[in-house]
Amino acid sequence: MSSLRPLLSEEIIQKRILELGAEIDRDYPDGTLYLICILKGACFFLADLARAIKRDTFIDFMGISSYGKAKTSSGQVRVTKDLDIAVEGADLLIVEDIIDSGVTLNYLTQLLQQRNPRSVRIATLLDKPERRLRRVDVRYVGFHIPDEFVVGYGLDYAEKYRNLRDVCVLEP
Ligand code: IMP
Ligand code: MG
């Protein structure tokens with residue numbers, strides 16, 4: 001049996017996202033910001049962050065698989081759904097739920113750079129910096145968290161728990 005220990009409440013998450021939205025609005029020059037949501041975990045964060053941003057945005061989705069049912073990264077990254085829109089010359093903001101080893105986003109950033117956007121930055125709700133294996137330049141971080149496995153607010157364990165409103169530690 002595993003149990004859930006609340007780590008970040010809905011209120012704290014929402015307050016932080018409003019701050020991130022305001023920071024993003026201030027940072028970018030005029031023009032449309034392309035929000036690239038990494039499925040599936042980041043979909044709740046994308047929905048809230050996009051509404052915290054007041055400038056013009058485009059929204060698109062990318063599917064990346066690197067975990068399967070395991071709790072640790074397999075190190076293999078695969079694109080399961082590519083973007084629908086062309087991104088040449090665009091300001092791209094990758095919206096991710098959590099950065100752990102960095103394998104996924106290290107790969108994805110390189111892939112998107114090859115499409116000649118004007119800029120590529122990363123916004124992640126959660127960051128576990130202790131676990132980094134690959135270098136990732138993260139511009140916007142919601143919360144730095146310790147090395148524990150978390151679920152909720154989009155994050156899953158074997159597809160479960162995504163609909164929790166808080167982020168919780170999944171304890172064995
Ligand atoms: P990375 O490639 O190791 O940085 O892994 C990033 C991906 O692993 C995230 O997008 C999540 O899907 C998944 N992941 C990493 N840590 C956790 C966690 O604590 N809970 C749920 N998913 C996680
Ligand atoms: Mg993910």
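Residue numbers run from 1 in the order of the sequence given. Ligands are counted one by one from 1 in listed order, and the atoms in each one are counted from 1 as well.
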Enquirer: Any side-chain heavy-atom pair from Arg139 and Thr124 closer than 4.5 angstrom?
Expert: no
Enquirer: Geometry only, no angles: is Val150 polar-contacting ligand 1 at N/O separations under 3.5 Å?
Expert: yes
Enquirer: Counting each atom of ligand 1 from 1 as listed, which ones have a heavy atom of Glu148 under 4.0 Å away?
Expert: 19 (O)
Enquirer: Could you tell me, atom by atom, which parts of ligand 1 come under 4.0 Å of a heavy atom of Thr104?
Expert: 1 (P), 2 (O), 5 (O), 6 (C)
Enquirer: Distance under 4.0 Å to a non-hydrogen atom of Asp156: what atoms of ligand 1 satisfy this?
Expert: 21 (C)
Enquirer: Strictly below 4.0 Å, N to O, side chains only: are Arg16 and Glu19 in salt-bridge contact?
Expert: yes
Enquirer: Please verify whether a non-hydrogen atom of Arg131 lies at under 4.0 Å from ligand 1.
Expert: no
Enquirer: So does Arg5 pair up with Glu148, basic N to acidic O under 4.0 Å?
Expert: yes
Enquirer: For ligand 1, which atoms have a heavy atom of Glu96 less than 4.0 angstrom away?
Expert: 10 (O)
Enquirer: Please list, in number order, the atoms of ligand 1 under 4.0 Å from a heavy atom of Lys128.
Expert: 16 (N), 17 (C), 18 (C), 19 (O)
Enquirer: Based purely on interatomic distance, does Gly102 place a nitrogen or oxygen under 3.5 Å from a nitrogen or oxygen of ligand 1?
Expert: yes
Enquirer: Under the 6.0 Å and 45° cation-pi test, does Arg121 pair with Tyr28?
Expert: yes
Enquirer: Would you call Asp100-Arg131 a salt bridge at under 4.0 Å N-O?
Expert: yes
Enquirer: Relative to the ring of Phe149, is the ring of Tyr157 parallel (under 30°), tilted (30 to 60°) or perpendicular (over 60°)?
Expert: perpendicular
